[in-house]
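Down below is the structure, laid out as structure tokens.
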Amino acid sequence: MKQMINHTETGFTLLELLVVLGIIAMLAGIVGPQVMKHMGESKTKAAKVQIEEMAATLDMYKLDLGSYPSSEQGLQALIESPDSAKRWNGPYLSKSKIPLDPWQQEYHYVSPGAHGKFDLFTLGADGKEGGEGEDQDIVSWE
């Protein structure tokens, strides 16, 4: 007597795979924009923190030298001693170069500033004055 062996193959049909891919695409379409929104908010927060830290570093520079670096000396004076600085006690930043903003642009520094002893700011993601959301300017005087 022969024994019958039942060979059944299990797996997914093409239709089932397409349905699953469609569901994944819908979820990505819903979740993706929310993730990108939060990434933009975190870059803005990071820029605010960096500006606050550099403002504190500029205050330490002023304590040592009696004045803030000029616009011509710029933020580079926090890393390398300007020629005219006799009591420079730096480098004032732990890194060997001035950090870029979260959008990989240089921070703007003006001294004396229009809003205080110095103005330190970034123009946001768009690199232009004004804007909202991720494009807003982040400034040291507010």
Side-chain angles (χ1 to χ4, degrees), residues 3-142:
Q3 207 172 18
M4 298 283 285
I5 300 176
N6 194 3
H7 290 285
T8 58
E9 292 186 30
T10 58
F12 297 107
T13 65
L14 180 59
L15 183 60
E16 290 170 328
L17 289 174
L18 288 174
V19 167
V20 169
L21 287 174
I23 292 170
I24 291 172
M26 281 187 347
L27 287 174
I30 293 169
V31 173
Q34 294 300 319
V35 170
M36 296 307 287
K37 175 184 166 195
H38 289 293
M39 279 181 54
E41 288 174 1
S42 5
K43 285 185 176 185
T44 301
K45 288 177 185 175
K48 288 178 183 178
V49 168
Q50 280 184 324
I51 285 176
E52 288 173 8
E53 288 176 0
M54 280 197 285
T57 304
L58 286 162
D59 289 337
M60 288 190 321
Y61 179 97
K62 182 184 185 243
L63 281 173
D64 286 347
L65 280 91
S67 65
Y68 292 104
S70 67
S71 295
E72 293 77 33
Q73 292 168 331
L75 296 173
Q76 194 64 31
L78 299 174
I79 295 173
E80 296 174 359
S81 175
D83 294 334
S84 62
K86 293 186 172 53
R87 294 176 302 194
W88 191 80
N89 195 23
Y92 294 90
L93 293 175
S94 59
K95 299 192 178 186
S96 60
K97 53 181 165 171
I98 304 297
L100 298 175
D101 72 13
W103 301 278
Q104 301 305 305
Q105 302 296 321
E106 291 183 2
Y107 283 98
H108 300 270
Y109 173 75
V110 180
S111 178
H115 304 279
K117 300 286 184 190
F118 63 85
D119 292 350
L120 181 60
F121 60 97
T122 179
L123 298 175
D126 63 355
K128 300 175 186 167
E129 287 189 31
E132 293 182 13
E134 197 177 355
D135 293 336
Q136 70 180 323
D137 301 346
I138 317 280
V139 299
S140 63
W141 56 87
E142 289 181 354

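Just so it is clear, the model here is predicted, and its values are computed rather than measured.
Between atom OG of residue Ser140 and atom CD of residue Gln50 there is a gap of 13.5 Å, rounded to the nearest 0.5 Å. Interatomic distance, CE of Met54 versus OH of Tyr109, reported as 11.0 Å (0.5 Å rounding). Once rounded to the nearest 0.5 Å, the distance linking CZ of Arg87 with OG of Ser81 reads 12.0 Å. Atoms CG and NE2, from Leu75 and His108 in turn, are 11.0 Å apart once rounded to the nearest 0.5 Å. Distance CG/Asp83 to CH2/Trp88: 12.0 Å, rounded to 0.5 Å.
Listed by chain and residue number, nothing satisfies the side-chain hydrogen bond (donor to acceptor under 3.5 Å, both in side chains) test with Tyr61 (two or more places apart in sequence, or in another chain). Asp64 is linked by a side-chain hydrogen bond (donor to acceptor under 3.5 Å, both in side chains) to Tyr92, counting only residues two or more places apart in sequence or in another chain. With sequence neighbours left out, Glu72 forms a side-chain hydrogen bond (donor to acceptor under 3.5 Å, both in side chains) with Ser70. Annotation: side-chain contact (heavy atoms from CB on, under 4.5 Å) contacts of Glu16 (sequence neighbours excluded): Phe12, Thr13. For Leu93, the side-chain contact (heavy atoms from CB on, under 4.5 Å) partners two or more places apart in sequence, or in a different chain, are Thr57, Leu78, Ile79, Ile98, Pro99.
Within a 6.0 Å radius of CD in Gln76, other residues, nucleotides and ligands contribute more than 12 heavy atoms.
The backbone N or O of Ser71 sits nowhere less than 3.5 Å from a side-chain atom of Ser111 that would complete a donor-acceptor pair.
The minimum heavy-atom distance between Ile51 and Tyr107, with the atom names listed, is CG1-CE2, 3.5 Å. Taking both residues in full, the closest heavy atoms of Pro82 and Gln73 are given as CB-NE2, 3.3 Å, listed atom of the first, atom of the second, then distance. The nearest pair of heavy atoms linking Thr44 to Gly133 is OG1-O, 4.2 Å.
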Compile the donor-acceptor pairs under 3.5 Å between side chains in residues 112-131 and protein atoms, sequence neighbours left out, one pair per line.
unit_1	atom_1	unit_2	atom_2	d
Asp119	OD1	His115	N	3.2
Asp119	OD2	Ala114	N	2.8
Asp119	OD2	His115	N	3.4
Thr122	OG1	Asp101	OD2	2.4
Asp126	OD1	Lys128	N	3.1

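The shortest side-chain heavy-atom distance between Asp59 and Tyr68 falls under the 4.5 Å cut-off.
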